Amino acid sequence: MTQGIEHMASRAADGARGTSRGRFNWTALIGYLAFLVLLLHGLAHAYWAFGGDGFPFGADDANPEYSAFEHVGRERLAPWIAGGFLGSAAVALLLALPGRRRIPARLLVGASVFSAAAVFCTLADFRILGNLAYVFMLKFGAINWTVINQLFAVVAVGLLVASATIYQRRTSGACTGCGRTDSGAGWTSPEAAARWGRRAAYTAVVVPLLYASTRWAWALGIPLGISEELWEEGKKDNLWIAGAALATMGALGSLLTLGLVRRWGEIFPRWMVGLRGRRVPLSGPSSRPRWSPSW
C-alpha cells in the first residue's frame, strides 16, 4: 500500500512538472523547433552573404525607405544577420538539450531576449501588420518578399524566447507548461494575475496608440518615420486621411481593453441609459468572474 501511495505521489509530481509518463510533452519540442527555424534563416543569410540572389533587407529592400538599413548593402549587412541568427540557433540548441547547462540560465535567457529585441528593432517594421490585410483578402501574391522574411525572423526569435522561458521553468523545478511550482500557483494565482494582468492591459492600450500616433502625424503633415517623397506621394491620394481614420478606430478599440481592469468592464457606467448598473454579459458559461481586480 505504501508503494502504491508513493507511486501515485510520483506521478502527481511528474504531472505538475509537465513530464507525466504517456503524456505528450509539447514544451520539449519548442527549443528544437526554434533551433531549426533559426538555423534555416541563418543559412539563408549565409547564402546571401556569399552572393546569392534574393536578399530582402537594407538597400535591397523593395522599399528601402522603410528599412533601418536603408543605405546598407547586402555585402555588409548579410554577414552580420547570418552570424546573429546562427548564434541564436546555438543558444536555442543549448536551451533545448535535456539537463542543466553549466552556462548560467540568466545568460542564456538574456541572450534570447537580446536576439528578439534586435530583430524587432532592426529587421521588423509596420509592414508586417499592413500585409495582414492581404491575407484576409486572399491576395497572397501581393505580400512583399521582405515582409515574408520579417515574419519568418519574428517567428524564429519568438520561438527562441518561448524556449528560454521553458528552460528557466525547467531548471527552477516549475511546470514547463504553466510555470507553477510545488509551493503554490505562482503567477497563475488570482493575486499575481491581477498584478501582471493590469500591466498587460495597459500595454495593450499603449501599443495601438503609438501606432495610431504615426498615422495622425502623417495626416497633420508630419512625415514621422518616412521620407518626404513618400509622404507627398500618399498625400496626393488622400491616403493619410484614410489611414488616420482607421488608426482612430483602432485607438478607440484599444481603449476598450481598459475594461479588463476597470469597474466599467463588469458594470455598465451611469451614462449608458438603459444599461447603467447592469452587469456586462460574458461570453463564457458563467456570468460571474472568477476574480476581480482591485480598482
Side-chain angles (χ1 to χ4, degrees), residues 33-89 92 112-161 207-208 210-215 217-218 223-237 239-240 242-243 246-247 250:
L33 182 59
F35 166 72
L36 178 61
V37 175
L38 288 165
L39 178 64
L40 290 175
H41 210 43
L43 292 176
H45 281 277
Y47 164 76
W48 289 321
F50 284 103
D53 295 329
F55 184 65
F57 298 118
D60 294 88
D61 192 333
N63 299 104
E65 65 273 12
Y66 295 144
S67 175
F69 306 101
E70 179 180 357
H71 303 293
V72 184
R74 176 191 60 188
E75 296 79 8
R76 294 170 54 193
L77 187 57
W80 283 99
I81 300 179
F85 277 110
L86 291 176
S88 298
S112 303
V113 174
F114 176 80
S115 298
V119 167
F120 278 99
C121 294
T122 58
L123 298 183
D125 56 48
F126 68 91
R127 284 177 289 178
I128 293 181
L129 292 176
N131 276 248
L132 283 178
Y134 294 129
V135 175
F136 292 112
M137 297 169 63
L138 301 180
K139 294 183 178 180
F140 300 103
I143 299 178
N144 189 284
W145 170 241
T146 297
V147 174
I148 294 175
N149 282 272
Q150 287 181 358
L151 183 60
F152 198 95
V154 168
V155 170
V157 295
L159 289 171
L160 178 62
V161 172
V207 171
L210 292 176
Y211 174 81
S213 65
T214 61
R215 273 55 186 172
W218 297 346
L224 182 63
I226 60 176
S227 64
E228 291 280 355
E229 294 77 10
L230 181 61
W231 183 83
E232 290 290 346
E233 182 179 347
K235 180 183 178 182
K236 295 178 182 178
D237 300 327
L239 184 61
W240 309 139
L246 292 174

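Values in this document were obtained by computation on a predicted structure and should not be read as measured data.
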Least distance between heavy atoms, Phe120 atom then Val154 atom: CZ-CG1, 3.7 Å
Out of curiosity, Glu228 CD to Glu233 CD, how far, rounded to the nearest 0.5 Å? 13.5 Å
Working to the nearest 0.5 Å, report the span between CZ of Phe57 and OG1 of Thr122. 8.5 Å
Measure across Val157 and Ala116 and return the closest heavy-atom pair with its distance rounded to 0.1 Å. CB-CA, 3.8 Å
Considering residues at least two apart in sequence or located in another chain, which fulfil the side chain to side chain contact (heavy atoms under 4.5 Å, CB included) criterion with Ile148? Ile143, Trp145
Kindly write out the residues that satisfy side-chain hydrogen bond (donor to acceptor under 3.5 Å, both in side chains) with Thr146, not counting sequence neighbours, or none if the list is empty. Asp61, Asn144
Extract all donor-acceptor atom pairs below 3.5 Å that involve side chains of residues 77-85 and protein atoms in other chains or at least two apart in sequence.
none

Throw together a table of side-chain donor-acceptor distances under 3.5 angstrom for residues 34-49, partners on residues two or more places apart or in other chains.
unit_1: Trp48; atom_1: NE1; unit_2: Asp53; atom_2: O; d: 2.9

What residues, two or more places apart in sequence or in another chain, satisfy side chain to side chain contact (heavy atoms under 4.5 Å, CB included) together with Pro208? Ser254
Quick one: does any side-chain atom of Trp218 pair with a main-chain N or O of Trp231 as donor and acceptor, under 3.5 Å? no
Does anything in residues 66-84 pair up under salt bridge (Lys or Arg N to Asp or Glu O under 4.0 Å), and if so which pairs, sequence neighbours excluded? none
Return the set of residues passing salt bridge (Lys or Arg N to Asp or Glu O under 4.0 Å) with Asp125 (not counting sequence neighbours), or none when no residue passes. Arg127
With Val155, which residues qualify under side chain to side chain contact (heavy atoms under 4.5 Å, CB included), at least two apart? Leu151, Leu159
Mind checking ring pair (Phe, Tyr, Trp, His ring centres under 6.0 Å) for Phe69 and listing every partner two or more places apart, or none if nothing turns up? none
